Amino acid sequence: MAKVTVEGGRSVEVSAGSPVGEALPPDAVCARVDGRLMDLSWAVPDDGEITVRAVTAAEPDGLHVLRHSTAHVLAQAVCDLYPGAKYAIGPPIEDGFYYDFDVAAAFSPEDLEKIEARMREIAAAGQPFRRRELSRDEALRRFEDQPFKREIIEAAEAAEGALGNRFAVYDNDGWGDLCLGPHLPSTSRLGAFKLLSLAGAYWRGDEKRPQLQRIYGTAWATEEDLEAHLHRLEEAERRDHRRLGKQLDLFSFPDELGAGLLVWHPRGGIFRKAVEDFIREIHMRSGYQPVFTPHIAKSVLWETSGHLAKYRDNMYPAMHDENEVDYYAKPMNCPFHVLIYKSQTRSYRDLPMRLFELGTIYRHERAGSLHGLLRVRGGTQDDSHIICRPDQLVDEVLRAFDLTLEIHRTFGFSDFVINLSTKPGEAIGEERMWADATEYLRTALDRSGLEFSVAEGEGAFYGPKVDFHARDAIGRLWQLTTVQCDFALPERFDMEYMGEDNERHRPVMIHRAILGTIERFSGVLIEHYAGDFPLWLAPEQIRVIPVADRHGEHAEALAGRMRERGLRAAVDNSRERMQKKVREAQLMKIPYSVVVGDRDIEAGTIAVRDREGHEVRGVPPEAFIEAAAEESRERRVMGVDLDGLAG
RNA sequence: GCUGGCGUGGCGCAGUCCGGUAGCGCAAGCGACUUGUAAUCGCUAGGUCGUCGGUUCGAAUCCGACCGCCAGCUCCA
């Protein structure tokens, strides 16, 4: 006999060797024993007492198991329907799971329906997942015709002699998969699932290895959870900046320009200018100096900087000019800023020098990684290089953090995930520099009191960095800010300053971009606000709508007064009905619509409507104009209280 | 870059499987209506069907290349 104590519950006596599941409530999907997740069928050892915790699909670990088992059933269904299919790996992922296959013909969306239907049959059949442990040889024999499984077995053994050379196999109804587990007790316990998409994926993520077909799915404990997730996907779709960019007439990517290259339309231009004006203003206020640099430079600059050696894959090919040297479009602004620094002998009194530029860069990103504004080939960074003495570095990094938080707060972001990224495989500079630079950043982070985690090997090729990821309105994280520490470029460019001791010293450099690129940041803002920009960012802030043609002149006068107060106001004088104009203004997500007709002209009032459809009549025009001008000037995220204006 | 899917007036789509030289809605222009909070009615114009090449009596439709877009290629039994 053995005694099983269920955490937060009672103790049960069970006979030795009986499944731990017998002691657990029926909604358990697996058990946590000594911190390890085990199948419900795991046999209780006969001697002692154990404490176990029931894990249900309502908690992350349980959901993970549920998704893992769903992936397993996906592979089973594929093997049923496509004899000879080779199956590779199928882990649970955030919100779902995937499984990679090698099958003769490409899957089509119709195949997904068939596969999903087969999965439902398997679920309905209630097949138990049975765990067995095999020796290496047995396992190899068991997966004789499954090359990916064989490779996993061989690699696992080479790596760690996993499980002491025992390999777990989960079988249900004759079909089995190599898997550490745990799994659900039965396919009948699968939750609500749906196959979502198809994609290619390299075996082991290596582009030199065979490309497999990946099927993505999502799985949840309940139908309601699944519905909620599908709803979130729709919500993300509704916010898609590429769709909104078109709808709001902000920008476009004409084919004629080339992939990843865009033009900003007038409405997008106003929006972008609002972003840039703010960014310039706050940088000037924070002790940065504006600089301007060209878009191309001779190859020698990129040789010195190390870009041709380490960053060439991301650069556009050279421009050849007969009888002249090659030129390259710049993928970064740093070398130019270095040249500005080096234009004269610098004193320790000149430091820190904070050079700021909205610098346009060109990067030949892989064709398949381009994604609207979020990944472009030509973009403009809010780029700064802070050149300082080593003893100033920590303070300068802290100042950069402060500026980062202030800027993001203004744009409506307040929740961040922060990473300290360390030396990558491809890097320049001595080990010593890397260690020092990383230590400075860590010190600054510690002093800032910000929470952070370390991302090994994720640094830039010239130095370690701190990245800020902002959480948006629907909980997604976006990498925006990067603050990078660089001891290498000052060395390469032989940057110096005269110290107090009348000796030459080497400065250090901080690279930092707070928004990242204006393009990418704009994409994030569009998705964050779903196009409903705060007033100060809205291309058209107020649309004045005359009820009938005869009110046009009055509307124009009103809009004129708004413009005098610095507001971006326009009159809709198209020959449409007023209702149509209201609809139009709302579809264009214009923050405020102002309607004027006979009654207003007579009473000297206006009717104000926000883009959510909230409407207030009888508002004194000056009160509204004043409130809106203030909202815009102060770059508020929240709109004015319309009800408070009604007098 | 790779795998799969897609590309038809400014925008959103049908037509492509089973070749016979294009259709709808919105937007645009014109006319009528002059309207109080999410689409008034009518008329008109607009497309060498991404590009180039091939097959065919004939290609939006079939084949090839290229360009562009979309999903993924990071999560490692």
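Values in this document were obtained by computation on a predicted structure and should not be read as measured data. Numbers restart at 1 for each chain; the letters A, B, ... are given by sequence-line order, proteins then strands.
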Legend entry - Pairs flagged by ring-ring contact (aromatic ring centres under 6.0 Å, His included) wherever residues 569-591 of chain A is involved - sequence neighbours left out: none
Please report, to 0.1 Å, the donor-acceptor pairs under 3.5 Å made by any side chain of residues 363-379 of chain A, with sequence neighbours excluded.
from: Arg363(A); atom 1: NE; to: Tyr311(A); atom 2: OH; distance (Å): 3.3
from: Arg363(A); atom 1: NE; to: Pro331(A); atom 2: O; distance (Å): 2.9
from: Arg363(A); atom 1: NH1; to: Tyr311(A); atom 2: OH; distance (Å): 3.4
from: Arg363(A); atom 1: NH2; to: Pro331(A); atom 2: O; distance (Å): 3.1
from: Glu365(A); atom 1: OE1; to: Arg375(A); atom 2: NH2; distance (Å): 3.2
from: Arg366(A); atom 1: NH1; to: Glu207(A); atom 2: OE1; distance (Å): 3.3
from: Arg366(A); atom 1: NH2; to: Glu207(A); atom 2: OE1; distance (Å): 2.7
from: Arg366(A); atom 1: NH2; to: Glu207(A); atom 2: OE2; distance (Å): 3.0
from: Ser369(A); atom 1: OG; to: Arg366(A); atom 2: O; distance (Å): 2.8
from: Arg377(A); atom 1: NE; to: Glu365(A); atom 2: O; distance (Å): 3.0
from: Arg377(A); atom 1: NH2; to: Glu365(A); atom 2: O; distance (Å): 2.7

Inset, instruction - List for me each residue that meets side chain to side chain donor-acceptor pair (under 3.5 Å) alongside Thr481(A), sequence neighbours excluded, and say none if there are none. - result: His408(A)
Inset, instruction - Over 60° means perpendicular and under 30° means parallel, so classify the ring planes of Tyr316(A) and Tyr362(A), tilted if in between. - result: perpendicular
Inset, instruction - Determine, for nucleotides 48-53 of chain B in 5'-to-3' order, which nucleotides have protein heavy atoms under 4.0 Å from the base (write B), from only the sugar-phosphate (write S), or from neither (write -). - result: ------
Side-chain atoms of residues 571-578 of chain A: list all donor-acceptor pairs with protein atoms under 3.5 Å, sequence neighbours left out, distances to 0.1 Å.
from: Asp572(A); atom 1: OD1; to: Ser574(A); atom 2: N; distance (Å): 3.0
from: Asp572(A); atom 1: OD1; to: Ser574(A); atom 2: OG; distance (Å): 2.7

Inset, instruction - Output all residues satisfying side-chain contact (heavy atoms from CB on, under 4.5 Å) with Arg561(A), sequence neighbours left out; order by chain, then residue number. - result: Leu558(A), Pro621(A), Glu622(A), Ile625(A)
Legend entry - Within residues 60-69 of chain A, residues whose heavy atoms come under 4.0 Å of RNA chain B: none
Legend entry - Residues from residues 604-617 of chain A lying under 4.0 Å of RNA chain B - heavy atoms: Ala607(A), Arg609(A), Glu615(A), Arg617(A)
Legend entry - Listed partners of Asp102(A) passing side-chain contact (heavy atoms from CB on, under 4.5 Å), at least two apart: Lys86(A), Phe148(A), Leu212(A)
Inset, instruction - Indicate whether OP1 or OP2 belonging to rC2(B) is found under 4.0 Å from a side-chain N or O atom of Arg209(A). - result: no
Inset, instruction - With sequence neighbours excluded, tell me which residues meet side-chain contact (heavy atoms from CB on, under 4.5 Å) with Glu116(A). - result: Arg120(A), Phe193(A), Lys194(A), Leu195(A)
Legend entry - N or O in side chain of Arg575(A) less than 4.0 angstrom from rG31(B) OP1/OP2: yes
In residues 173-184 of chain A, what donor-acceptor pairs under 3.5 Å come from side-chain atoms, sequence neighbours left out?
from: Asp173(A); atom 1: OD2; to: Gln127(A); atom 2: NE2; distance (Å): 3.4
from: Asp177(A); atom 1: OD1; to: Tyr99(A); atom 2: OH; distance (Å): 3.4
from: Asp177(A); atom 1: OD1; to: Lys149(A); atom 2: NZ; distance (Å): 2.8
from: Asp177(A); atom 1: OD2; to: Tyr99(A); atom 2: OH; distance (Å): 2.5
from: His183(A); atom 1: ND1; to: Ser69(A); atom 2: OG; distance (Å): 2.6

Inset, instruction - Go through the structure and list residues passing side-chain contact (heavy atoms from CB on, under 4.5 Å) with Ser421(A), not counting sequence neighbours. - result: Asn419(A), Ala455(A), Glu458(A), Lys465(A), Asp467(A)
